[in-house]
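Here's the structure we're looking at; comments come further down.
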Amino acid sequence: MTNTEIAKILEEISEYLDVSNDGFRSRAYGRAAATIASLDREATDIYREEGQKGLESIPSIGSGIAEKIEELVTTGSLHYLDELKTKLPVNVQELTAIEGVGPKTIKTLYTQLHIKTRDDLEKAAASGSLRALPHFGEKTERKILKSIEFLKQSKGRFLLGDILPIASKIEVRLKKIPGVRHVAIAGSLRRRQETIGDIDIVASSKEPQKMIDAFISFPEVVHIYGSGATKANVRLSLGIDADLRVVHDKEYGAALLYFTGDKQHNIELRKIAIEKGWKLSEYGLFKGNKLLAGATEEEVYHKLGLEWMPPEIRTVSGEIEAAMEKRIPRLIPYGSIKGDLQVQTSWTDGTASIEAMTDAALAHGLSYIAITDHTKSLTVARGLDEKGLARQAREIDALNKKFLKKKFRILKSAEVNILKDGKLDIADTALKKLDLVGVSVHSHFGMSEEEMTARIITALKHPLVNILFHPTGRLIKKREPYKVDILKVIKAAKHYGVALEVNAYPDRLDLKDTHIRLAIEHGVKLVVDTDAHAPEHGKFLDLGVAQVRRGWGSKTDVLNTQSVSDLLKEIKRIKNSARRMPTGTEC
DNA sequence: GCCGTTTTCGGCCCGACTGTTTTCAGTCG
């Protein structure tokens, strides 16, 4: 049983306990779930090697939860969860996913109207029977229906960050099977789309059957839809489907191209082939029966008169024309971020100390981080006030002395809250003492587009602001972005010398590929950061890099691909050149 | 259920906002 699976079960318990009005116990399970999910070692291994005591040495795991994990890894099920489900036969996860529906609402819905599922709730809301309940009205009904509609649209898709590690693990395992020549993850995963429908894997092997047999007997496989001589289609325990296709070496490139997509990109390539009197399929590029190309993607593209291009930009958004004219950009390479610029610590809502986050960043190969704890008006996170920032600065100074010999620098920063009127919640005198000032919106998400745009631009105008964090505020599959005119924000960012954040956290990725491309076209600089709240989150950086690649970004578009001294110089330069812009060019 | 440099018992994030009310319950971060 993987950490993800254990965490999912603990999280489920947490949600049942929350509905049962056992808040503290619920939070204990929630914390445990988060800890297990971001653990670097498999809990199963820890238990096997060190027993229950080993599990108890993990923070937030005590004897009670260690016992539950023991039962899970030894029996595969958990009596306690079954009991909770019997007592409250309600699909809590499905219902809490609906915005505005929390534990209390679920309890009321169940006791008053016997609502157990999202479908039950949708029917009740549509028929107008919810408004009879206390504290429910027409507006709430509409909100619930809208949220259900939104959830339906994203149904069946998974976050890239959740699936990539599992797919990579399967890829590594497949590569070890005798007879194998090539293995690659294809499909939307290879294109690094934000959400993934299923896992496509393409391979070539001298002994296809061996690969198929091994694949369908992997421990994650819970159901086999079909399995033949060259392909298999299975469901994995996470609920996602995975396809493996095994081809001959000479077809491998064409198959990889075909299964990578996207669909429209393939159609355009086939059109080009047809124009030349050829035919392109997953088996290769053919003139009649003669194979013209197929072993590698490169030779197929070249034969069609195109430059090879990275999968991330195969979306029919100008990449084919660019490939014809040999002007495919050099995209920012994975692993090229030198410092994480959004890091929360236990000073506010992070789980670890500044030192622990620094150690983690060093382990991830970084040479600097910016500590960006929340500020005072974000009371939920116990945001820092001016005095708090000053105290934190002293700790950072001391740590910088310690980490000097490792050539690592901790930057003083903050995720400064943008108030309703666009003003910042920290005094300028305190902001001036920071190396970098990041700002973001954390409240009043329901403003009109005009108001929200004006509010953000007011913040960007502030002469000390360097980075706009969370430019859209979306949570993929959970919350739509707030209404904001992103083009106006981009223009303002350019005008006032502010960089835009590409948030790499798996369900955030605030800026979409199209936004990033737009920003780059307008000459706005980007920063890629993880929004880390725990040491393990540093591993998300490349998800942000993927997003920049999908937006056609190169290394020079991203400020924190530079050394810390160059970064600070560049930030200052951008700000100064913005100040010198003539008036009248503002937005 | 977890945790401990005032504690092995008694705390545990709490204020703003929304939609509903006409003083407040529930959600969110």
Side-chain angles (χ1 to χ4, degrees), chain A residues 9-36 52 55-71 78 80-81 84 92 95-112 125 130-147 344 346-351 353 373-385 388 415 417-421 425 440-447 469-470 473-475 478-480 482 503 505 507-508 531 533:
Chain A
I9 288 163
L10 295 176
E11 186 56 43
E12 213 178 340
I13 293 173
S14 164
E15 281 166 346
Y16 276 100
L17 290 172
D18 208 4
V19 178
S20 316
N21 218 358
D22 200 344
F24 293 122
R25 193 170 280 126
S26 163
R27 251 171 275 165
Y29 274 96
R31 271 197 309 272
T35 308
I36 294 289
Q52 203 187 313
L55 294 173
E56 281 183 44
S57 68
I58 304 167
S60 310
I61 311 285
S63 58
I65 293 180
E67 264 174 39
K68 305 284 191 298
I69 296 174
E70 177 180 41
E71 192 186 333
L78 188 55
Y80 181 54
L81 177 60
L84 288 170
V92 176
L95 289 169
T96 45
I98 300 164
E99 217 189 336
V101 177
K104 297 290 188 300
T105 309
I106 289 176
K107 192 153 197 191
T108 311
L109 290 171
Y110 176 62
T111 51
Q112 303 286 314
L130 290 186
R131 65 188 74 165
L133 298 173
H135 291 286
F136 278 78
E138 275 183 56
K139 247 186 171 168
T140 310
E141 279 179 350
R142 275 203 301 276
K143 196 177 157 190
I144 284 172
L145 286 172
K146 206 184 155 205
S147 172
Q344 267 73 237
S346 46
W347 279 77
T348 59
D349 62 350
T351 63
S353 65
D373 278 301
H374 292 287
T375 52
K376 62 185 173 190
S377 62
L378 201 71
T379 49
V380 35
R382 287 166 299 131
L384 302 178
D385 60 9
E415 184 178 0
N417 214 4
I418 302 176
L419 299 171
K420 194 178 177 185
D421 60 2
D425 71 341
S440 64
V441 162
H442 280 103
S443 60
H444 303 92
F445 284 179
M447 286 174 126
F469 290 135
H470 300 300
R474 73 165 170 172
L475 287 172
K478 288 188 203 131
R479 183 175 74 200
E480 297 205 64
Y482 37 71
N503 190 303
Y505 205 84
D507 67 353
R508 292 204 175 259
D531 200 354
H533 283 67

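Every chain is numbered from 1, with letters handed out A, B, ... down the list of sequences. All figures in this text were calculated on a predicted structure; none of them were measured in a lab.
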Sugar-phosphate, base or nothing in reach of A/T140, heavy atoms under 4.0 Å: sugar-phosphate

Distance, C1' atom - from B/dA16 to B/dC9, rounded to whole angstrom: 33 Å

P-based separation of B/dG4 from B/dC13 [nearest Å]: 14 Å

Assigned glycosidic conformation for B/dT7 [threshold 90° from 0]: syn

Most 5' of A/L133 and A/I106 on DNA chain B, judged by nearest nucleotide: A/L133

Short side-chain to backbone donor-acceptor contact, A/D531 and A/Y505, under 3.5 Å: no

C1' atoms of B/dG1 and B/dT8, separation to the nearest Å: 14 Å

Touch class at under 4.0 angstrom, heavy-atom based, for A/K107 against every strand present: nothing

B/dG11 and B/dT7, which share atom name P, separated by this distance in whole Å: 14 Å

Polar side-chain atom of A/E141 near backbone of A/R131 as donor-acceptor pair, under 3.5 Å: yes

Touch class at under 4.0 angstrom, heavy-atom based, for A/P134 against every strand present: nothing

Mate of B/dT8 where both pairing distances stay under 3.5 Å, Watson-Crick or G-U: none

Pairs satisfying salt bridge (Lys or Arg N to Asp or Glu O under 4.0 Å), at least one member in residues 19-33 of chain A, at least two apart: A/D22-A/R25

Sugar-phosphate only, base, or nothing, as touched by A/L17 at under 4.0 Å among non-hydrogen atoms: nothing

Pairwise P distance for B/dC17 and B/dG10, with rounding to whole Å: 36 Å

Shortest non-hydrogen separation from A/V92 to A/I106 and the atoms involved: O-CD1, 4.1 Å

Touch class at under 4.0 angstrom, heavy-atom based, for A/S63 against every strand present: sugar-phosphate

Separation of the C1' atoms in B/dT18 and B/dT22, to the nearest angstrom: 15 Å

Aromatic ring pairing A/H442/A/H374, orientation class (parallel under 30°, perpendicular over 60°, tilted between): perpendicular

Residue mapping more 5' on DNA chain B - nearest nucleotide basis, A/I65 or A/E141: A/I65

Sidechain-backbone polar pair: A/S147 side chain, A/K143 backbone, donor-acceptor under 3.5 Å: no

Sugar-phosphate, base or nothing in reach of A/E56, heavy atoms under 4.0 Å: nothing

All pairs passing salt bridge (Lys or Arg N to Asp or Glu O under 4.0 Å) where residues 55-67 of chain A contributes a residue, at least two apart: A/K53-A/E56

P-based separation of B/dT20 from B/dC28 [nearest Å]: 15 Å

Where chain A begins and ends its contact with DNA chain B, read 5' to 3' at 4.0 Å from heavy atoms: B/dG1 to B/dG29

Donor-acceptor contact present, side-chain A/S353 to main-chain A/S346, <3.5 Å: no

Interatomic distance at P, B/dA25 relative to B/dT21, whole Å: 13 Å

